[in-house]
Visitor: 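Have a look at the structure that comes next, please.
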Amino acid sequence: MLRIEGLRVAVEGKRILDGVDLEIAAGETHAVMGPNGSGKSTLAHVLAGREGYEVEDGRITFMGEDLLAMEPEERAAAGLFLAMQYPVEIPGVSNMYFLRQAINAVRKARGEPEIAAGAFMKMLREKAKLVGVPEELLRRDLNTDFSGGEKKRNEILQLAMLEPRLAILDETDSGLDIDALKAVAGAVNGLRTPERAFLVITHYQRLLEYIVPDRVHVMVRGRIRRSGGRELALELEQRGYEQFAAEAA
Amino acid sequence: MAAARRMIEPAPFYGELFARERARLPGHGRSELERVREEAFARFVALGLPTQKAEVWKYSPIARFANREMVVAEAAVPRLEDVSAWFGGGPATRRLIFANGHLVPALSHVGGLPEGVRVTGLVRAIEEWPEKVAEALAGCDPECSFTQLNTALARSGAWIEIADGVRLDEPLQLLFVHEGGESAAMTHPRILLRLGRGARLHLIETHAGTGDGHCFVNLVCQMALAPEAELTLDRLELGAAGTTLLSRTLVELAAGARIRQTAVALGGGFLRNETEVRLGGRGGEAILNGLCMPRGEEHADTLVRIHHEAEDCHSDQFFKGVVEDRARAVFAGKIIVHRGAQKTNAYQANDNLLLSDRAEVDSKPELEIYADDVKCSHGATCGDLDEGALFYLRARGLPREVAASLLVYAFANEVIERMADERLRALTRRAVLDRVPGGAALEAEGLL
């Protein structure tokens, strides 16, 4: 589904990703772990198409297409979703309205008809219940004055509504207490299907106790230094990132 | 005199016009009103028209629009379906409708208002109580040449008077349709409004420019609020390319009186909105919100003057601009805290979105403080759309243009939601969506 080969990315002339290789198949859940500044979030942003990153080398194919040639909205339409670390507050636009615009934009791009109002509401109620977003939050302005936990949960609701092929969770655990973390992880697990892949980006092992990955990759200084099963995350928990930093140096 | 160098003489055309028109003006033959008009015209000639050397006209070349051959706008008789699109309020809302500056009695409806509420066209007011009108006009706003011109030439407008303690719950609407003509057609409407002690009014003022012609509208609103009176004013300007609209609103607030004004300017070749408020008694409050969205070659200029003359008053200015293409937005807001106006609270914010390299924003917030126990603040910002927000929306599938339009809408909406009238808010939001490039792709339902 997703193949990253030799990806080198710089920001303002400084190289952040230094040869990343990663392959994710349908139905798999991968975790990328790494210390602050290792390039994890840069990888997430480059995958979603954020401006300001210079791709110096390498390629990314998604569903057989050249991902780097696509605009962010085209990537969304192709089935790529990024749950953001810092969801943006947009006062004046209700959460519900935004979701409907997003769904219809994606449908339009795929040549599908717009969703009818009734069908949308039914779907929204179901998914909101599934991911534990109260109705009141749907009527409020998008992310505006939401708590940290509400914002993250709202990202998962968007994920549930847009039904992507690949969902990237960028530090979804940051700023969450243990109860909120469990709830968000539970919602994500409810969305795992044999067709859908997940890329979970996190600093801590903790999230992976609840969203159990198939593969774990350790990123240090812009490169994946080691890949393994979930036991690799446990090893990291005990020994920290320093050994990898030493290997990288 | 220094001021004289900053003004240019009005074209002889104005003198000829006044000489020709004065006999046709309402109140002709009423000695007191005639004298007031003559004095005003003499004052207009003495002041001249401001050039850009005058500080308050620095960014707005008004003489280019005002000092040229114009005709007096002819009365027009629009049909109901030509004006109903701009109706605010509800089924019981009373309206005065003006076409090219002339009252259209057939479409206006101000009957059946409660006792103590007097709403009438200016012509009728002059017929019925000429001395009161003359008294209101005499000596008004002596330093503003456009007010003087209005006083000299006003031939229509409204007289609105609400007695002590009377509260009008339904909004009252003043709807102006400016058709424009082949040669620029000028009008000088005058609104005179008085609210008695504890009286309350919700006024809606709308301007719609239609057609391809040119018009020059020189509107003056004089509003006096007795103690504890409350005025809510929603204003929407939807001008056409050929619309030049000068709107000057003068508000005097007695103790405990309050005004809440939300003015949105969404079109017009040249728009100048001036609001000057005097907080003359303890505990008065002035809340002024404003939005302009000039695009193309449009010019939108906002001037605000708030005089804190008494203790314990509150003023809050919240103005936004969205500027596209080669358009220009100007904001000059000044808070003057007079000596003795202790415990003043005065705030001002002017935030702008600059959406094109060739667009321009000139923002000038000013404070003049002559008292020591005050809380005042002002701030101005000017920037592009937030890149992070744009990315967020695009990452959810919204094309760039649609995402940008949604962000502009959200920015503008923070002002629009302060309008008191629901129908006018919907009308305004629709007009915003019509003005942004990706607006057509955004579903109106859910936003309006």
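Given the structure is predicted, the values throughout are model-derived calculations rather than measurements. Residue numbers begin at 1 in each chain, while the letters A, B, ... track the order of the sequences.
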Visitor: I'd like to verify something: which residue of B:Ala412, B:Gly397, B:Ala403 has the highest number of heavy-atom pairs under 4.5 Å with chain A?
Guide: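 Answer, by heavy-atom pair count under 4.5 Å with chain A: B:Gly397.
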Visitor: Rounded at 0.5 Å granularity, tell me how far CG in A:Leu47 sits from CG in A:Leu7.
Guide: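 So the gap between those two atoms works out to 7.5 Å.
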Visitor: I'd like to verify something: which residue of A:Pro164, A:Ala102, A:Ala117, A:Ala77 has the highest number of heavy-atom pairs under 4.5 Å with chain B?
Guide: A:Ala102
Visitor: Check whether A:Pro87 gets within reach of chain B through its side chain, its backbone, both or neither, counting any heavy atom under 4.5 Å.
Guide: both
Visitor: Heavy-atom cut-off 4.5 Å, strictly under: side chain, backbone, both or neither for A:Ile103 against chain B?
Guide: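 Contact with chain B is absent: no heavy atom of A:Ile103 under 4.5 Å.
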Visitor: Less than 3.5 Å apart, any donor N or O on the side chain of B:Gln173 or B:Thr93 sitting next to an acceptor on the other?
Guide: no
Visitor: Report which part of A:Ile90 has an atom under 4.5 Å of a heavy atom belonging to chain B: side chain, backbone, both, or neither.
Guide: side chain
Visitor: Can you pull out the donor-acceptor contacts between chain B and chain A, under 3.5 Å, including backbone atoms?
Guide:
residue	atom	partner	partner atom	Å
B:Tyr392	OH	A:Asn143	ND2	3.2
B:Tyr392	OH	A:Glu155	OE2	2.4
B:Tyr392	OH	A:Gln158	NE2	3.0
B:Arg394	O	A:Glu73	N	3.4
B:Arg394	NE	A:Glu73	OE1	2.8
B:Arg394	NH1	A:Glu51	OE2	3.4
B:Arg394	NH2	A:Glu71	OE1	2.6
B:Arg394	NH2	A:Glu73	OE1	3.0
B:Arg394	NH2	A:Glu73	OE2	3.4
B:Arg396	NE	A:Gln158	OE1	2.4
B:Arg396	NH1	A:Leu82	O	3.0
B:Arg396	NH2	A:Leu82	O	2.8
B:Arg396	NH2	A:Glu155	OE1	2.6
B:Arg400	N	A:Glu73	OE2	3.3
B:Arg400	NH2	A:Glu51	OE2	2.8
B:Glu443	N	A:Tyr97	OH	3.3
B:Glu443	O	A:Tyr97	OH	2.7
B:Glu443	OE1	A:Gln101	NE2	3.3
B:Glu443	OE2	A:Arg100	NH2	3.2

Visitor: Are the side chain of B:Arg435 and the backbone N or O of B:Leu266 linked by a donor-acceptor pair below 3.5 Å?
Guide: yes
Visitor: Let me know if B:Leu442 has heavy atoms under 4.5 Å from chain A in its side chain, its backbone, both or neither.
Guide: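 Looking at B:Leu442, backbone and side chain both touch chain A.
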Visitor: Do you know which of A:Pro91, A:Gly52, A:Ala109 has the most heavy-atom pairs under 4.5 Å to chain B?
Guide: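 Looking at each option in turn, the highest pair count goes to A:Pro91.
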Visitor: Can you find a side-chain donor-acceptor pair between B:Glu274 and B:Thr249 that sits under 3.5 Å?
Guide: no
Visitor: Examine whether an atom of A:Ala48 lies under 4.5 Å from a heavy atom of chain B, and if so say whether it belongs to the side chain, the backbone or both; otherwise answer neither.
Guide: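 Backbone plus side chain of A:Ala48, per the 4.5 Å heavy-atom cut-off to chain B.
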Visitor: Do B:Gln317 and B:Asn350 meet the criterion of a side-chain donor-acceptor pair at a distance under 3.5 Å?
Guide: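 No, no side-chain donor-acceptor contact under 3.5 Å.
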Visitor: Heavy-atom distances under 4.5 Å only: say whether A:Ala78 touches chain B with side chain, backbone, both or neither.
Guide: neither
Visitor: Please determine, by modelled atom types, if B:Asp234 and B:His202 share a side-chain donor-acceptor pair under 3.5 angstrom.
Guide: yes
Visitor: Are side-chain heavy atoms of B:Leu385 and B:Leu355 found at a separation under 4.5 Å?
Guide: yes
Visitor: Closer than 4.0 angstrom, basic N to acidic O: yes or no for B:Glu324 and B:Arg295?
Guide: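 B:Arg295 and B:Glu324: not salt-bridged.
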Visitor: Taking atom CG of A:Leu159 and atom CZ of A:Phe81, what is their separation to the nearest 0.5 Å?
Guide: 4.5 Å
Visitor: Counting only N and O atoms by type, is there a donor-acceptor contact under 3.5 Å from the side chain of B:Gln261 to the main-chain atoms of B:Arg235?
Guide: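 Here the side-chain-to-backbone pair does not exist.
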